[in-house]
Amino acid sequence: MPEHNALDPIFNPQSIAVIGASRQMGAIGNIVVQNLIDGGYQGALYPINPSATEICGRSAYASVSAVPGPIDLAVFCVPEKLVLALARQCAQVRVKGYVVITSGFSEVGNHAAETELCAIARAGGGRVIGPNIVGILMNPAKANASFAPCLPYPGRTALVSQSGALLVALDLATHLRKFGTSSMVSLGNMADLDFADCINYFARDEHTACITLYIEGVKDGRRFIEAGRRCKKPIIAIKAGISEHGAKAAASHTGSLAGSVKIYDAAFKQAHVIRAATIDELLDCSQALSLQPPMRGGQNIVVITNGGGIGVLSADAAEQYGIPLQAAPAELQAQFRTQMPEFGSAKNPVDVTGGAGAAGYEGALEFALRSPWVHAVAVLYCETAVTKPMAIAEAIVSGTAKAGGAHAKPVVACFVGGEECQKAQRRLLEVGVPLFTEPAKAMAALAALRTVARFEEQEPDEAFVPFCEVDEAAARRIIAAAREAGRSVLTEPEAKAVFASYGLPVTRGLVATSAEQAVEYAVRLGYPVVMKIVSPDILHKSDAGGVKVHLRDEAGVRAAYQAIVDNSRAYKPDADIHGVLIQVMAPVGREVIVGSVNDPQFGPTIMFGLGGIFVEVLKDVTFRVAPFSAACARAMLPEIKSYKILQGARGEKRRDLEKLTEVTSRMSQLVSDLGDEIAETDANPIMLYEEGKGLKIVDARIILKPHATGAPQPSAH
Ligand code: ADP
Ligand code: MG
């Protein structure tokens with residue numbers, strides 16, 4: 001049975017039992033019963049209390065087994081010590097949903113009871129929301145199964161929050177902001193149902209057009225990404241906890257740069273989740289996303305205004321949000337000119353001036369919506385003594401109506417003014433046009449609508465198809481041998497062999513254990529060569545004086561051999577030295593880095609950036625959760641500030657970005673296939689050559705997870 005059906009008894013319950021219903025005013029068990037009554041819940045309501053016959057005017061029952069009919073949802077308002085015993089009774093009568101308001105579980109370290117609670121519910125065919133929550137509030141079912149004071153302002157956004165206090169605050173704010181909400185869900189400890197489950201449910205809920213999330217942390221990152229990608233409705237989220245509390249100690253470059261915020265950023269993109277920076281932005285954009293169609297086909301926005309000032313502010317904001325305004329084509333400008341006095345401006349922003357009145361707005365809006373050049377319209381208005389906000393609102397209503405409903409272009413409005421504007425807001429919401437009080441907010445909303453359309457456009461390219469000519473078994477043999485030797489670090493030759501088994505282009509090399517052999521290998525590989533120390537105890541070889549490049553003859557190789565061994569011994573006297581690597585010297589290219597970490601939430605995640613100061617000083621890097629397609633890797637490149645260097649700026653040649661994206665995608669497959677074994681990797685540097693000339697990985701590092709896992713776990717794809 002699809003998941004959304006399975007959760008219907010929770011989000012559209014036919015019957016609700018309140019476990020721990022109370023006659024005592026102010027008790028949670030009293031508030032919840034009263035809230036369900038006040039909200040107008042029409043299903044069967046069963047207050048459960050062993051010593052009461054009536055609560056809030058409804059018949060009470062001693063236990064769930066005394067209830068005359070089936071129970072879809074049980075709302076727990078009892079102290080923690082009673083929850084498990086009462087959950088067992090619920091399981092016996094096969095309650096479907098357990099909304100556990102009660103706190104005192106994993107948030108205070110009581111993990112055992114939380115696990116037990118889920119086991120009891122699942123065994124009885126039920127699912128748990130919470131514990132440690134405010135409850136859930138559903139407008140379609142008129143079910144306020146929470147201790148929040150009222151059902152939210154009705155509309156089409158499902159709001160899911162990990163924070164209970166914020167949920168209550170936002171519930172109240174929805175009325176002030178006229179923020180239309182289908183459901184509000186408090187997730188709390190997420191012992192069972194989490195964000196992914198809510199996305200899966202609301203993706204199919206006919207009352208919901210947009211899903212809005214307040215996230216502190218997701219439980220299963222991959223499930224979250226998959227749920228987001230599958231969902232065809234816009235999802236917007238705010239992530240709390242993005243400041244870095246001190247850099248982690250990590251063995252690889254990638255490890256030291258992979259803060260959770262960057263990985264969340266990547267995961268949101270891959271999950272097709274829009275990220276909001278503030279609560280205001282979250283709610284403003286949600287409103288637009290729930291009311292208006294995505295900005296499809298392009299990003300030509302027309303701004304219609306009566307004031308030059310807010311017009312310019314909107315143009316500034318549009319640029320900041322990456323959707324800069326363009327001058328309208330000549331024919332469209334000519335049409336606009338018919339709607340304004342001589343001194344108006346038909347370019348973009350289209351300034352109909354105070355002189356044009358509501359009729360000017362209506363006409364300009366209709367022309368804009370009818371023009372195939374236009375992808376979205378923002379109607380800006382400064383309240384003046386001459387024209388009234390309501391008249392402009394009506395002009396927007398009639399202008400859109402005249403353009404015909406089939407244009408499917410987003411329209412947003414921004415009115416700056418007094419109380420009359422609030423009335424206009426209500427009128428506009430009736431026809432689904434969100435009204436903002438600040439031009440930048442209107443532009444943020446359009447940017448969000450544009451992002452949704454971009455996600456739709458990217459969809460087909462993003463599907464990951466594994467490369468078939470890879471030898472996972474060979475890679476695992478190399479890893480197993482290192483484990484056998486009691487190591488969790490692979491040496492460069494081992495790491496390169498793992499990379500090579502995935503078809504990654506690495507420099508050839510041979511490990512010599514004497515100066516004699518070093519010379520022999522140098523001859524075999526061909527001068528010039530590079531020589532490096534091979535020791536699992538020396539991770540950063542240059543730091544130990546363990547790297548010599550550009551060796552062109554026998555004398556050089558002999559001297560380098562001795563120097564590398566001496567330097568390394570001096571650097572770390574007890575280092576286990578396997579020998580000295582003699583390696584083909586790769587031509588100089590633009591140095592880039594591709595690495596990975598194994599994130600606790602999202603699993604293997606790839607980092608990309610330019611080498612040297614770009615990564616070390618500027619930390620100019622970007623991430624994607626593995627595995628991903630070459631098209632997805634291609635989208636990473638412009639995200640770094642130094643991208644222009646790769647494109648060929650300032651005398652630099654354009655680099656082989658085609659090959660780079662293939663290699664990055666291959667790396668993502670490697671770290672994902674071997675995600676049960678590998679903690680971190682670095683291919684640093686990779687010499688990236690001019691277009692058509694490929695690249696070479698000249699240094700490789702692989703750090704294994706601390707403990708061998710024995711049998712390989714199933715890989716992510
Ligand atoms: P580590 O990072 O452990 O100090 P590397 O293997 O990265 O050691 O070597 C240090 C530098 O030497 C690299 O950043 C690169 O510039 C250069 N180098 C290393 N190997 C080669 C090679 N095979 N061909 C060309 N240059 C190399
Ligand atoms: Mg290196």
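When a residue number appears, it is its place in the shown sequence, counting from 1. Counting convention: from 1, in listed order, for ligands and their atoms alike. Keep in mind the model is a prediction, meaning the values are calculated, not measured.
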Please check whether Met687 reaches ligand 1 - meaning an N/O of the residue sits under 3.5 Å from an N/O of the ligand, judged on distance alone. no
Is there a protein heavy atom at a distance of less than 4.0 Å from atom 13 (C) of ligand 1? yes
Contact between His540 and Arg701 at the side-chain level, heavy atoms closer than 4.5 Å - yes or no? yes
Residues Glu457, Arg450: salt bridge by 4.0 Å N-O rule: yes
Is it true that some N/O/S atom of Ser542, main chain or side chain, lies under 2.8 Å from the Mg ion (ligand 2)? no
Reference residue Thr622; test side chain to side chain donor-acceptor pair (under 3.5 Å); the match among Lys269, Lys641, Lys262, Glu639: Glu639
Considering only heavy atoms of Pro685, which atoms of ligand 1 have at least one such atom less than 4.0 Å away? 7 (O), 13 (C), 14 (O), 15 (C)
Near Met585, which atoms of ligand 1 are under 4.0 Å from a heavy atom of that residue? 24 (N)
Any heavy atom of Leu539 sitting closer than 4.0 Å to ligand 1? yes
Examine Arg666 relative to Phe467 and say whether NZ or CZ is less than 6.0 Å from the centre of the six-membered ring and inside a 45° cone about the ring axis. yes
State, with a plain yes or no, whether a side-chain heavy atom of Glu459 is found less than 4.5 Å away from one of Glu456. no
Leu704 backbone acceptor or donor facing Glu677 side chain under 3.5 Å: no
At under 4.0 Å between heavy atoms, what of Lys696 touches ligand 1? The answer is neither
Output yes when the distance from some N or O of ligand 1 to some N or O of Val547 is under 3.5 Å, and no in every other case. no
Say whether Val584 and ligand 1 are in contact under the criterion: heavy-atom distance to a ligand atom below 4.0 Å. yes
The protein heavy atom nearest to atom 27 (C) of ligand 1 is Val698 CG2, 4.0 Å
Are the charged groups of Glu226 and Arg223 less than 4.0 angstrom apart, N to O? no
Check Asn684 against ligand 1 and report side chain, backbone, both or neither, counting heavy atoms closer than 4.0 Å. backbone
Starting from atom 17 (C) of ligand 1, find the nearest protein heavy-atom neighbour and note its residue, name and distance. Val549 CG1, 4.1 Å
Write out the residue and atom name of the closest protein heavy atom to atom 6 (O) of ligand 1, then the distance separating them to 0.1 Å. Lys532 NZ, 2.7 Å
Under the side-chain hydrogen bond (donor to acceptor under 3.5 Å, both in side chains) criterion, do Lys705 and Ser488 qualify, and how do the steps go? CA-CA 7 Å; Lys705 286 187 164 177; Ser488 62; over 6 Å; no
In terms of ring plane angle, is the pair Tyr264 and Phe602 parallel, tilted or perpendicular, where the classes change at 30° and 60°? perpendicular
Where is the nearest protein heavy atom to atom 16 (O) of ligand 1: which residue, which atom, and how far? Glu591 OE2, 2.8 Å
Heavy-atom proximity to atom 4 (O) of ligand 1 ranks first, among Ser542, Gly611, Gly509, for Ser542
Of Met531, Glu492, Gln583, His550, the one whose closest heavy atom lies nearest atom 23 (N) of ligand 1 is Gln583
Residues Asp194 and Asp220: closest non-hydrogen pair is OD2-N, 4.5 Å
So for His540 against ligand 1, with non-hydrogen atoms under 4.0 Å, the contacting part is backbone
Measuring from the Mg ion (ligand 2), name the closest N, O or S atom belonging to Asp699. OD2
Polar-atom distance check: Thr507 versus ligand 1, any N or O pair below 3.5 Å? no
Taking all non-hydrogen atoms of both residues into account, name the closest pair between Met585 and His550 and its distance. SD-N, 3.3 Å
Which residue supplies the protein heavy atom nearest to atom 7 (O) of ligand 1, what is that atom called, and how far is it? Asp699 OD2, 2.9 Å
So, is Asp682 placed with an N/O/S atom under 2.8 Å from the Mg ion (ligand 2), counting both backbone and side chain? no
Shortest protein contact, atom 24 (N) of ligand 1 (heavy atom only): Ala586 N, 2.9 Å
Any non-hydrogen side-chain atom of Phe614 less than 4.5 Å from a side-chain atom of Val592? no
Is it true that Glu662 and Lys659 have a side-chain N and a carboxylate O under 4.0 angstrom from each other? yes
For residues Val470 and Gln669, report the shortest heavy-atom separation together with the two atoms involved. CG2-NE2, 3.8 Å
Taking only non-hydrogen atoms of Arg701 and a 4.0 Å limit, the atoms of ligand 1 in range are 2 (O), 3 (O)
